[in-house]
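Accompanying notes for the structure given below.
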Amino acid sequence: MAMTPLEELRHSCSHVLATALLRIFPDAKLDIGPPTDTGFYYDVDLDHKLTTEDLAKLEAEMKKIADENQPFLRKEVSRDEATEIIKRIGQERYKLGRLADIPADEKISFYQNGEFIDLCAGTHVRYTSKLKAFKLLSIAGAYHRGDEHNKQLQRIYGTAFPTKDELANYLTQLEQAKLRDHRKLGKDLKLFIVDEDVGQGLILWTPNGAIVRQELQTFISEELRKQGYAQVFTPHIGKLELYKTSGHFPYYKESQFSPIFENESLAKALAENCSCGEAFARLEALSANMRDQINTRTGKDTITADRVRPDDQLLDGFLLKPMNCPHHIKIYASQPHSYRDLPVRLAEFGTVYRWEQSGELNGMTRVRGFTQDDAHLFCTEEQVAAEMIGCLALVKVILTTLGMSDYRVRVGLRDPDSKKYTGDAANWDKAETACREAAKTLGVPFTEEPGEAAFYGPKIDFVIKDVIGREWQLGTVQVDYNLPVRFDLSYIGADNQPHRPVMIHRAPFGSMERFCGVLIEHFAGDFPAWLAPEQVRIVPISDKVADHARALLTKLKAEGLRATLDEHSDKLGAKIRRAELDKVPYTLVIGQKEAEANNVSVRSRARGDEGVIGSDAFIAKLKTEVATRALPARKAAA
RNA sequence: GCCAACAUAGCUCAGCUGGUAGAGCAACGCUUUCGUAAAGCGUGGGUCGUCGGUUCAAAUCCGACUGUUGGCUCCA
């Protein structure tokens with residue numbers, strides 16, 4: 001595949017970086033150095049721990065190499081010659097493996113610039129002097145071949161552009177992006193905190209953030225009522241047995257909080273001289289055993305769920321729920337269903353807990369406890385398509401209302417080579433077809449990605465990028481033919497015979513935490529009035545109108561608006577500045593003139609000074625803006 | 001979990017090679033009563049993330065731990 005000119009430029013930078021590396025650290029063992037979406041990197045195995053000072057040195061050396069104006073020369077060789085070259089330059093540690101990756105029918109080429117020669121398919125710019133605008137950015141650890149069992153190499157990240165202006169522009173953009181990072185804004189606008197003593201990845205929603213979340217929940221609840229969902233509530237824990245049946249316990253044990261054991265069960269285990277270590281070892285064996293049982297099943301629709309043999313019951317206990325499905329399934333299963341009842345749609349803002357690796361935690365976007373705007377639909381096979389479309393429509397309504405249009409849609413299919421999936425192939429095919437067909441109705445491009453399915457079924461995900469380009473899965477819709485089997489769910493059909501329902505799991509926001517994090521960045525903290533923690537701030541010009549201002553505050557609050565009054569003795573400019581920094585959508589300036597006429601001078605965060613209007617007229621206008629969940633109308637560019 | 005960097009007042013940060021802490025903003029008080037992004041003066045506020053070590057002496061050097069950040073791995 002040919003590289004774009006920009007990729008060519010960046011990839012050439014990788015080679016120049018490698019050239020500089022070997023000049024400064026001759027014993028460096030090189031792995032690979034490809035271009036990326038935003039720049040390039042090179043992975044290197046080096047005993048010396050690279051520092052930021054080294055980056056500066058390397059960058060200076062790269063500039064020298066660019067100035068030396070070395071030509072990039074391509075050389076095609078046989079496999080034996082390639083091996084010889086790699087040995088000659090002393091880079092056999094990784095390069096021989098990379099050479100072995102090249103299929104037998106493909107040409108093997110090296111690129112040489114100056115003294116440096118590298119196994120490489122290309123392509124490159126013609127001379128190093130073409131590299132005019134590059135910068136080394138950071139050093140990171142990266143496993144060889146992306147496998148955590150392999151040695152961790154040092155990865156040097158950099159970026160490059162055709163011109164210095166473009167590079168400077170990109171670096172400025174990075175700086176700008178940091179200003180709308182949800183972690184910074186979350187602190188500035190007092191939306192949420194994470195406390196060390198409460199625990200990593202556990203979000204404490206402070207009053208301002210709670211308002212945003214509550215408004216989002218209200219919004220989605222309204223939409224759910226329109227679509228015929230029933231609201232349920234379920235507890236935060238469930239017995240281990242429940243998750244053994246669902247398959248979550250054996251499959252995701254390592255990413256769950258440890259079980260909460262019953263006191264009696266623990267006491268019994270202790271009485272049997274079972275140490276904690278042994279108990280956990282037995283639990284470990286149990287989950288491994290469960291996995292094997294499931295994997296060796298032939299995939300027939302057995303109607304009966306997997307059961308744990310009684311002698312496997314070593315310790316009874318509960319699990320903090322890692323997902324809501326089993327609880328909702330039990331609600332469905334609690335009474336018989338006729339085909340006339342279907343679809344049954346059960347919704348809950350359900351809080352779940354997952355043991356994410358410490359290094360993966362990130363602000364609100366990757367946490368250990370989060371609340372899904374979850375729902376499970378139980379329907380007939382014939383209803384799947386329509387229900388899927390309904391779920392996707394809901395996601396679209398939400399994204400449209402919030403003005404989020406920059407996302408991609410991913411259809412996650414099973415990886416035919418992996419064993420992590422449960423259920424029979426025929427059902428998987430049906431489910432995957434249903435997903436594909438539903439995705440087509442979206443009217444936006446989507447990609448099909450094998451290996452992205454959940455263990456119980458394929459899914460459609462909405463993926464959005466954060467300010468620094470990281471992708472986050474938000475809304476998700478998943479078809480599931482498996483859990484209904486595992487829990488032996490049924491409904492009575494028109495033929496008076498029991499039938500197996502199909503489940504759809506869906507969460508339009510994904511999780512309230514992640515969604516709010518992304519939303520903060522999407523709006524850069526400038527929430528539309530309906531979401532803004534503080535919708536209106538009254539700014540009296542002097543104490544002389546304080547009584548009038550207080551009366552207005554009372555009135556705004558009585559009208560259900562989230563309003564505050566700035567009673568500081570600052571000058572107007574300072575109060576305006578404070579309101580702007582707090583990103584309040586509307587500031588009402590009240591002086592003698594306004595007080596006498598019962599007017600307000602409106603300053604909009606989005607549009608600036610909007611002039612004087614009667615206070616009742618303002619209230620009516622704002623209430624409409626809030627009720628319709630309008631996005632702030634920006635001032636037209638002059 | 002792994003690699004690396006970082007952790008000083010509510011916030012943003014200063015504190016060079018060791019001699020027990022400073023600024024701006026915020027808060028509070030007083031003065032000012034002001035027309036669309038910062039009025040003036042004053043006051044309070046920190047066992048320098050935690051624990052341990054080196055030293056006559058540690059915010060500063062070393063170690064462990066906790067947390068954060070950037071990556072890697074993972075993400076039902």
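This structure is a prediction, so every number in the text was calculated from the model and none was measured. In what follows, every chain begins at residue 1, and chains take the letters A, B, ... in the order their sequences are listed.
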List in chain and number order the residues that pass side-chain hydrogen bond (donor to acceptor under 3.5 Å, both in side chains) with A/Tyr353, two or more places apart in sequence or in another chain; answer none if no residue qualifies.
A/His236
Each nucleotide in nucleotides 44-49 of chain B should get exactly one letter: B, S or -. Can you fill that in based on protein heavy atoms under 4.0 Å?
------
Atom pair CG (A/Asp31) and CZ (A/Arg93), whose distance is rounded to the nearest 0.5 Å
11.0 Å
Whole-angstrom distance between B/A21 and B/A58, as gauged at atom C1'
13 Å
Just to confirm, is there a sub-4.0 Å distance from OP1 or OP2 of B/U68 to any side-chain nitrogen or oxygen of A/Gln200?
yes
Considering residues at least two apart in sequence or located in another chain, which fulfil the side-chain contact (heavy atoms from CB on, under 4.5 Å) criterion with A/Asp526?
A/Lys583, A/Arg605, A/Arg634
Distance below 4.0 Å between A/His568 side-chain N/O and B/A27 OP1 or OP2
yes
Any ring-ring contact (aromatic ring centres under 6.0 Å, His included) pairs touching residues 28-51 of chain A, not counting sequence neighbours?
A/Phe25-A/His48, A/Tyr41-A/Tyr157
At under 4.0 Å between heavy atoms, what does A/His149 touch on the DNA or RNA strands: base, sugar-phosphate, or nothing?
nothing
Side-chain donor/acceptor contact of A/Ser255 with base of B/A76 under 3.5 Å
yes
State which residues pass ring-ring contact (aromatic ring centres under 6.0 Å, His included) with A/His182; sequence neighbours excluded, sorted by chain then number.
none
Using atom P in both nucleotides, what's the gap between B/C13 and B/C72 to the nearest angstrom?
25 Å
Considering every strand and a 4.0 Å limit on heavy-atom distances, what is the contact class for A/Gln473: base, sugar-phosphate, or nothing?
nothing
Quick one: A/Tyr41 OH to B/A4 C1', roughly how many Å, whole number?
17 Å
Counting primed atoms, P, OP1 and OP2 as sugar-phosphate and everything else as base, the B/S/- map of nucleotides 31-40 of chain B against protein heavy atoms under 4.0 Å is BBBBBBBBB-
So does A/Arg550 pair up with A/Asp547, basic N to acidic O under 4.0 Å?
yes
Which part of the nucleic acid, if any, lies within reach of A/Gln154 when heavy atoms closer than 4.0 Å are counted: base, sugar-phosphate only, or nothing?
nothing
Look at the aromatic rings of A/His505 and A/Tyr456 and report parallel, tilted or perpendicular, splitting at 30° and 60°.
parallel
Any Lys/Arg nitrogen of A/Asp181 or A/Lys178 sitting under 4.0 Å from an Asp/Glu carboxylate oxygen of the other?
no
Which stems does RNA chain B form, counting runs of 3 or more consecutive Watson-Crick or G-U wobble pairs with both distances under 3.5 Å?
B:1-7 with B:66-72, B:10-13 with B:22-25, B:27-31 with B:39-43, B:49-53 with B:61-65
If you take any heavy atom closer than 4.0 Å to RNA chain B, which residues from residues 365-377 of chain A end up in contact?
A/Arg366
Restricting to side-chain hydrogen bond (donor to acceptor under 3.5 Å, both in side chains), what partner residues turn up for A/Lys544, sequence neighbours left out?
none
How would nucleotides 7-16 of chain B be written as a contact map, 5' to 3', with B for base contact, S for sugar-phosphate-only contact and - for no contact, using protein heavy atoms under 4.0 Å?
----SS----
Please list residues of residues 449-463 of chain A whose heavy atoms come under 4.0 Å from any atom in RNA chain B, ordered by number; otherwise none.
A/Ala454, A/Tyr456, A/Lys459
Do any of residues 136-143 of chain A sit with a heavy atom less than 4.0 Å from RNA chain B, and if so which?
A/Ile139, A/Ala140, A/Gly141, A/Ala142, A/Tyr143
Counting any heavy atom closer than 4.0 Å, what does A/Glu610 reach on the DNA or RNA strands: base, sugar-phosphate only, or nothing?
nothing
Suppose we call a contact any N or O donor and acceptor under 3.5 Å apart; does that hold for the side chain of A/Gln152 and the base of B/C2?
yes
Indicate, with a heavy-atom threshold strictly under 4.0 Å, whether A/Asn362 touches base, sugar-phosphate, or nothing.
sugar-phosphate
